[in-house]
Structure formats: structure tokens, C-alpha cells
Amino acid sequence: MKFTSPATETIFDTSTVVGKATHRVDGPLKVSGRAPYAYERHDVIDGQLVAYPLGATIAKGRILSIDTQHAKAAPGVHTIITTLEYDELPKDERNVASLFGGDKVVHYHQAIAAVVADSFEQARAAANLITVKYDIEQDLDFDLERQWQQRGTVEPVSATGDFAQAFQSAAKTLDREYRTPGHSHAMMEPHSTLAHWDGDALTIWTSNQMIAWNREALAVTLGLEEDNIRVDSPYIGGGFGSKLFLRSDAVLAALASKASGRPVKLALPRPFVMNNTTHRGETIQRIRIGTDAQGHITAIAHTAMSPTQPGGQGEQATDQTRQFYAGANRLIEHHPVEMFLPESNAMRAPGEASGLMALEIAMDEMAEVLDMDPVAFRALNDTQVDPENPKRTFSDRNFTRCLSEGARAFGWHDRPQTPASRRDGNWLIGMGMAGAYRGSPVLTSGARVRLQANGTVIVETDMTDIGTGSYTIIAQTAAEVMGLPVSAIDVRLGDSNFPRSAGSGGQFGAPSSTAGVYAACVKLREMIAQKLQMPEAELSFSDGAVHSAGEPQLIGTFATDAELVAEDKIEFGKFRSDDHIVSTFGAHFVELRVHALTGEIRLNRMLAVCDSGRILNPITARSQVIGGMVMGVGAAMMEEMAVDRTQGFFANHDLAGYEVPVHMDIPSQEVIFLDTLDPVATPMKAKGIGELGLCGVAAAVANAAYNATGVRLRDYPVTLEKLFPGLPKV
Ligand code: MOS
């Protein structure tokens with residue numbers, strides 16, 4: 001099915017299942033510990049061995065030797081593979097740094113060996129007996145600050161009007177720099193793979209967001225036919241972008257399994273999650289805003305710098321500034337800096353998450369320069385067209401409603417007008433807000449639906465559920481279209497034997513995959529209509545039956561030959577991007593308190609208002625948003641990958657040193673959905689939500705901290721030692 005124009009009316013406009021609060025269909029499996037995760041696939045194949053990886057302990061250089069003699073003699077050891085025994089493996093286009101093979105090291109904890117043993121403990125103990133000699137490359141620069149100070153000019157990402165002239169002649173201006181540190185995905189389940197060979201055919205049970213991408217990448221990297229690879233990843237303990245691409249767990253497990261002739265499983269130890277896989281790159285950003293006397297933005301420029309491995313892009317923190325606010329004169333510049341730190345790559349809302357951490361403080365500061373309310377300043381600069389190309393309109397943009405409904409619900413009018421003016425004993429109380437913006441892309445997505453004689457439907461697609469609720473919203477979609485209860489739908493995901501889907505990433509998963517399931521279900525309805533020799537439009541599907549002019553017929557009776565199978569995919573026409581920008585919008589509000597004597601920061605309450613098109617399931621959507629808000633609190637107040645600027649690695653590479661929020665850090669959270677319909681987005685009129693929930697949160701916290709204390713911080717995280725020196729004297 002091709003989606004070529006905004007649907008005026010669809011099956012979902014009278015929805016009875018889609019849009020209803022529905023608990024996770026996979027919930028019981030998860031809370032009872034029966035959902036099989038990659039490292040626990042004990043039952044799929046006998047004779048499993050365990051591998052443990054070894055990582056390089058230098059940032060860059062050449063491996064001269066790897067001595068495995070003592071490790072080989074250690075108890076329980078079967079095999080050891082080392083990178084020197086392989087040529088550098090070919091890279092899939094989506095991988096930036098090489099994953100294994102050859103003597104070159106380009107980042108700390110690049111995988112250089114794996115030990116295969118009977119048990120995890122034996123493999124780990126033996127890995128510690130391996131000694132490696134390096135030729136270390138000296139004088140590498142891991143200091144982004146120095147690069148920033150020495151930066152030259154760069155070809156703009158985009159330039160509209162005449163920024164320099166407009167900024168110079170603006171009535172009011174702001175010119176500030178902001179700094180965001182690197183972040184780790186820090187998902188609960190580390191990257192894990194169980195690999196098994198049957199001749200030339202490889203099966204991996206793994207934890208991955210994008211099944212088809214990973215099969216393609218494995219084919220390139222291991223030199224296999226795609227048809228000879230099966231990837232299975234039905235349950236995933238979080239990804240946040242870290243599991244978008246093929247990583248070393250799968251490569252090492254596959255090679256170690258080949259070498260040992262047995263199934264081998266490998267989980268990346270937590271330090272490897274930080275230094276071997278990817279992370280959100282640190283940024284330095286400069287934002288300039290000029291307005292007229294009334295506060296209309298006339299000039300806006302966003303310049304960002306971020307480190308990257310050669311061939312990568314770094315964190316593109318300027319993305320949202322191209323389209324979020326109005327203004328005729330605009331300049332966007334991005335400086336990727338080649339650096340041999342571990343690879344920076346996509347992490348939840350890549351681009352916007354970091355960019356809004358800066359832009360939404362800048363908007364707060366500009367409002368202050370103008371002596372305007374920050375909500376009113378943002379509303380004044382709303383735009384319904386692409387500021388870079390007014391011929392393109394936003395498909396559906398209700399940002400000002402997010403602002404006004406949020407302000408009302410949160411009690412924004414009660415905000416302390418003057419920073420550091422409200423106290424409750426020794427606590428300084430502040431309120432802050434920020435706008436949220438995140439694109440809502442889509443990808444082609446397919447599914448197969450199999451109607452059974454008992455009136456149930458099996459849905460198969462290689463879509464993944466990374467904790468987001470895919471199983472549930474896909475069940476709801478099929479139930480809606482086929483006129484069945486959710487309990488009659490059996491959703492099967494994450495297997496490369498199923499039709500290729502969008503996968504999970506970029507908040508494209510929910511809108512794309514449900515539209516793909518919709519397409520397959522429509523095909524199934526057409527097949528049923530054909531059997532009745534009637535036009536599909538004259539049938540209705542409800543209560544487990546097919547209704548036509550005559551008697552209703554139980555839907556299962558159409559499953560002649562045991563089952564009736566339909567397969568289709570949704571493809572999206574170019575109208576979606578040529579004529580429109582499809583994006584999601586929101587507003588975040590935060591109230592917090594800072595202790596006047598110690599600088600301790602505690603959140604009081606948080607509110608998100610989200611404009612994301614149709615909300616397919618308010619329970620799972622809300623969970624996405626509150627999870628994003630928690631992540632935003634982490635980014636605001638604690639998360640920071642501490643760079644060792646001389647050795648070039650992240651020093652706090654575990655969950656003791658890399659702090660994320662815990663329950664005690666998170667107060668009351670509320671989420672309001674505008675629950676609009678976006679007819680341009682997909683036939684479901686739904687958009688992404690999972691990344692929007694994060695966007696802007698950290699800035700809302702930082703702005704609230706400023707409102708509480710009068711201390712304006714522009715380098716994250718906002719911590720007590722940074723606030724303390726500026727706290728008002730008691
Ligand atoms: Mo998301 S960073 O595209 O998984």
C-alpha cells in the first residue's frame with residue numbers, strides 16, 4: 001500500500017481499540033521473568049559456551065602482539081580468537097569505527113579478543129591473563145574545548161536571508177555558549193548475542209533494534225549471503241539507539257562460535273557498553289538571537305561542534321533550530337571534529353536532545369533580555385511554515401496549544417517573576433519551562449497477517465519492541481482493522497524470517513510499523529471480500545465476524561486451507577517531505593527546589609504537554625514520555641561521560657560512576673496529550689512520541705534552577721558544586 005496523500009477518513013476515525021488505554025500484552029511475560037532475552041536463550045540450542053571480550057587499552061595505535069599462552073591453559077577454556085588472526089573486517093555503511101580484525105586500534109575498548117570457555121567466570125578469568133603489546137600513537141587531542149577555541153570557518157549547513165546584517169541591526173540580542181557532555185545509553189540489558197552455525201548458515205539470538213539492518217551488516221562484515229543469516233530479537237531490554245547498528249557482541253559471538261564449533265554467547269560487560277559501543281557525543285554550542293523591540297526573532301544562528309570518529313557526523317545539535325522558531329535571517333553551522341574517542345552516534349533524539357539543551361536555555365535568556373514571559377516569547381515566535389522554505393508547511397503543528405495548556409495546567413502564572421525570590425525555609429523554589437521539538441520520520445514497513453480457523457490472527461513482522469510497547473500497539477491495530485479483540489491477536493516480532501519493517505529508532509517505529517500492519521490487514525480484508533465476491537468497501541468487520549448484506553459470518557470461516565495469509569507493506573509518498581514537515585511538539589514545565597545552604601537540587605513536579613498526532617495507546621505513550629522525562633532529568637542534573645583528556649576514554653564507565661536518576665530523584669510527573677490527528681503523517685494519523693518526551697526536559701530543569709537561585713548555568717550537568725558559589729547569601 002502506498003500512502004500518497006492525506007487520507008480524509010480512515011478506518012481509525014471510529015476506532016474502538018486503537019487509542020484506548022491498553023495494558024502491555026507482553027506485560028505478564030516480563031514481570032514473571034519468562035520473556036526470553038538474548039543472554040537467556042538456554043532452550044534454543046544445546047551445548048552453549050560462553051565468551052568474554054577483551055578490549056584495547058589504548059585510544060589509537062597498532063597492536064604488536066597478543067600473548068594468549070596463559071589464557072589458553074586456564075581452566076575451562078576452549079578457544080581464543082584475537083583480532084590479529086583476522087583481516088580488518090569490512091564495515092557496513094552504517095558502522096563508523098571498525099568492529100574487529102586487523103592490528104589497528106582507533107578507540108579505547110575496541111574489541112581485540114574473545115575467550116570462549118565453559119562458564120562466564122572461566123572466560124573472564126582467562127581474558128585477564130592475556131597480555132597485549134602496543135605501538136601507541138602519541139599526541140592525540142581529546143580536548144573539544146581546545147578545538148572549539150581554535151575553530152575555523154565552516155560551510156554552513158544552511159543559511160537563509162542575511163544573518164550577520166540582521167543580527168547587527170536587531171533591537172535586542174543574545175550571544176551565548178553552551179556545553180553538553182557525552183551521554184551513555186545505559187540501557188538495562190547490555191548488548192548480548194548467542195551465535196550458532198549450521199554449515200555456512202548463521203543464527204544469532206541477539207538484542208537489537210533493527211533486524212534487517214543487522215542482517216545486512218552481518219552479511220557485509222562476515223562475508224555471508226543474507227539468506228544464510230537469521231537474526232532473532234523478540235525482547236530487548238532497552239536500546240535508546242545503542243542497538244541500532246551491528247556491534248561487537250554479535251561479531252565476536254559469531255566468530256567465536258565458528259572457531260570453537262559450538263554455540264557461543266557473549267554479553268558486553270558494562271564498561272564495554274560505555275567505551276566499546278556508541279554514546280551521545282559531547283557538544284559545544286553557540287547561539288545568537290536577535291529580535292525586534294516587540295520580541296519577534298529577526299535573526300537566529302546556531303553553531304555546534306562535536307567529536308566524531310573519522311567518517312561520522314558527530315552530534316548534530318543544530319537540527320531543530322532550522323525549523324523550530326520563526327525568523328527571516330538564519331545561519332546553521334556544524335563542526336564535526338575527528339577525534340579518536342569511542343564512536344559517538346545516535347542516542348535517543350539524536351540532534352534535538354543536545355540541541356534543545358542549549359536552544360531552550362537561550363530562549364529563556366532572550367525572554368529575560370526582552371523582559372517577556374518565556375511562554376509568551378515562544379508563542380510569539382511560532383511558525384506554521386518551514387522558516388527556511390515557506391512553501392513547505394508543517395503538516396500539523398500545535399506548539400502554541402502545548403504552551404498555553406501546559407501553562408494553565410501547571411499554574412505557570414504563579415511563577416516567581418524574579419529569580420531567587422521564593423523561599424520555603426532554606427529551600428529556594430523555582431519554576432522553568434522549555435519547548436520541545438522532534439522530527440517524526442517514517443520508514444517503509446511490512447507485515448504478514450495469518451487468519452486462523454479459530455478466528456484469531458497471527459501478526460508477523462521484524463519490528464522490534466525495545467520496551468516501547470510495539471507488541472501492544474500492533475495488536476491493537478490488527479484488532480481494530482479485523483474487528484477482533486486484542487486477545488485474538490498473536491503478535492510475533494523481531495525475527496528476520498518475518499517481513500522487513502521499519503524497526504525501532506528515531507521515533508519512527510510506532511507510526512511506521514502500525515501503518516505496515518494496517519496495510520497487511522487491509523489486504524486480508526480484500527482477500528475475504530474476494531471470497532465473498534463483494535467489494536471490500538461493502539463489508540464491515542466487527543465482533544469477530546464479517547458483515548455484508550446477508551448473515552454475518554464468523555471471520556475464522558474464511559481461513560480455508562487452515563489459514564488465510566496476507567502480506568503487505570506501507571510505503572510513504574514523497575508528498576510527506578516535499579510539501580510538508582512532519583514533526584512533533586511539546587512543552588515541558590518543571591518546579592524544583594535548591595537548598596540555600598548546600599546547593600542540593602530536588603525536583604518538585606514535572607509536566608509534559610505533547611502534540612504527537614493520534615495517541616495509539618495512552619498507557620504505553622505515557623510510559624514513553626515519562627521515561628523520556630526521567631532521561632532528561634539525568635541529562636540535566638547528573639549524566640556526564642567523564643573524558644580522560646590525555647588517554648582518550650570515558651573514565652566513569654560503569655553504573656557506579658555514570659549516574660542516572662533513581663526513583664527518589666523523580667517526583668510527580670504528569671503528561672497531557674493533545675491527541676490531535678495528523679492526516680499527513682501516516683494512514684493512522686499518528687506520529688512518534690518516544691523521543692519527544694526527552695526533548696527540552698533538561699533545559700526546563702536548568703531554567704527552573706536559574707529561576708530558583710539566580711545562577712545561570714550553561715554547562716551541563718547542573719550540579720550543586722556549580723550552583724553553590726552563586727547562591728544568594730543567607
Ligand atoms: Mo533512536 S537514537 O534512533 O534508537
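When a ligand or atom number is given, it counts from 1 through the structure's own listing order. Remember, predicted model here, so these are calculated numbers, not experimental data. Residue numbers run from 1 in the order of the sequence given.
- Near A346, meaning under 4.0 Å from one of its heavy atoms, ligand 1 places the atoms 2 (S).
- For atom 1 (Mo) of ligand 1, the nearest protein heavy atom (residue, atom name, distance) is E691 OE2, 3.2 Å.
- Using a 4.0 Å cut-off between a side-chain N of Lys or Arg and a carboxylate O of Asp or Glu, D495 and R230 qualify as a salt bridge.
- Atoms of ligand 1 found under 4.0 Å from any heavy atom of M347 (numbered from 1 in listed order, with element): 2 (S).
- Ring geometry for H580 against F575 counts as perpendicular: the plane angle is over 60°, on a 0 to 90° scale with 30° as the lower cut.
- None of E333, H334, E388 except one satisfies the side-chain hydrogen bond (donor to acceptor under 3.5 Å, both in side chains) rule with S158; the exception is E388.
- Between the side chain of N276 and the main chain of H109, a donor-acceptor pair closer than 3.5 Å is present.
- At a 4.0 Å heavy-atom cut-off, ligand 1 touches P350 through the side chain alone.
- Put simply, the side chain of R94 never gets that close to the backbone of L246: no donor and acceptor are under 3.5 Å apart.
- Atom numbering of ligand 1 starts at 1 in the shown order; those under 4.0 Å from a heavy atom of G505 are 1 (Mo), 3 (O), 4 (O).
- Environment of CD in E571: crowded, with over 12 heavy atoms of neighbouring residues, nucleotides or ligands closer than 6.0 Å.
- When the options T676, T584, D678 are evaluated for a side-chain hydrogen bond (donor to acceptor under 3.5 Å, both in side chains) with K687, the one that passes is D678.
- Among protein heavy atoms, the minimum distance from atom 3 (O) of ligand 1 is reached at G506 N, 2.5 Å.
- For atom 4 (O) of ligand 1, the nearest non-hydrogen atom of the protein is Q209 NE2, 2.8 Å.
- Annotation for ligand 1: atoms under 4.0 Å from non-hydrogen atoms of R348 are 2 (S).
- Ligand 1 has a nitrogen or oxygen under 3.5 angstrom from a nitrogen or oxygen of G241.
- The N/O atoms of S504, backbone and side chain alike, include none that comes under 3.5 Å of an N/O atom in ligand 1.
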